[in-house]
> 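Structure incoming, see below.
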Amino acid sequence: MAEYWSAKQGGGYIKCPVKNCNHIGNIITEAHCRMEHGMTREEIRKEYGLPHNVSIRKSKANSKK
């Protein structure tokens, strides 16, 4: 079964569930899983679980623009 790992609509982000991987984005692609971890999404899901929703806060300097 093909999985599609994407953030919730409305500007959310998800973090790769692999320990010590700091990849954050709107989606976690199969290419990321293969290239960075040498695993399929299914293998990552079984070993590390699903991606986690995260929020990225704007710095105070950026919010004044």
Side-chain angles (χ1 to χ4, degrees):
M1 179 175 121
E3 293 182 83
Y4 189 72
W5 289 357
S6 64
K8 294 178 182 179
Q9 289 184 336
Y13 295 94
I14 54 175
K15 182 182 181 310
C16 179
V18 176
K19 186 176 181 179
N20 297 323
C21 180
N22 295 315
H23 179 71
I24 295 174
N26 297 63
I27 63 171
I28 305 292
T29 63
E30 180 69 30
H32 168 79
C33 298
R34 282 278 182 203
M35 292 171 58
E36 296 298 322
H37 309 300
M39 302 170 78
T40 66
R41 279 192 190 130
E42 185 176 331
E43 292 169 331
I44 288 174
R45 182 180 48 77
K46 285 180 182 177
E47 190 167 334
Y48 300 100
L50 293 169
H52 306 283
N53 288 307
V54 295
S55 62
I56 298 179
R57 295 182 183 176
K58 293 181 180 179
S59 70
K60 290 181 181 180
N62 287 340
S63 63
K64 292 180 181 179
K65 291 182 180 179

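Given the structure is predicted, the values throughout are model-derived calculations rather than measurements.
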> For Leu50 versus Trp5, what's the shortest heavy-atom pair and its separation?
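Between these two residues, the closest heavy atoms are CD2-NE1, 3.8 Å.
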> Output the distance between atom NE2 (His37) and atom OH (Tyr48), rounded to the nearest 0.5 Å.
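If we round to the nearest 0.5 Å, His37:NE2 and Tyr48:OH are 8.0 Å apart.
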> List the atom of Glu43, the atom of Gly38, and the distance in Å for their closest heavy-atom pair.
OE1-O, 4.4 Å
> Run the side-chain donor-acceptor check on residues 16-30: report pairs under 3.5 Å with partners two or more places apart or on a different chain.
unit_1, atom_1, unit_2, atom_2, d
Thr29, OG1, His32, N, 3.0

> Does some side-chain heavy atom of Thr40 sit less than 4.5 Å from a side-chain heavy atom of Arg34?
yes
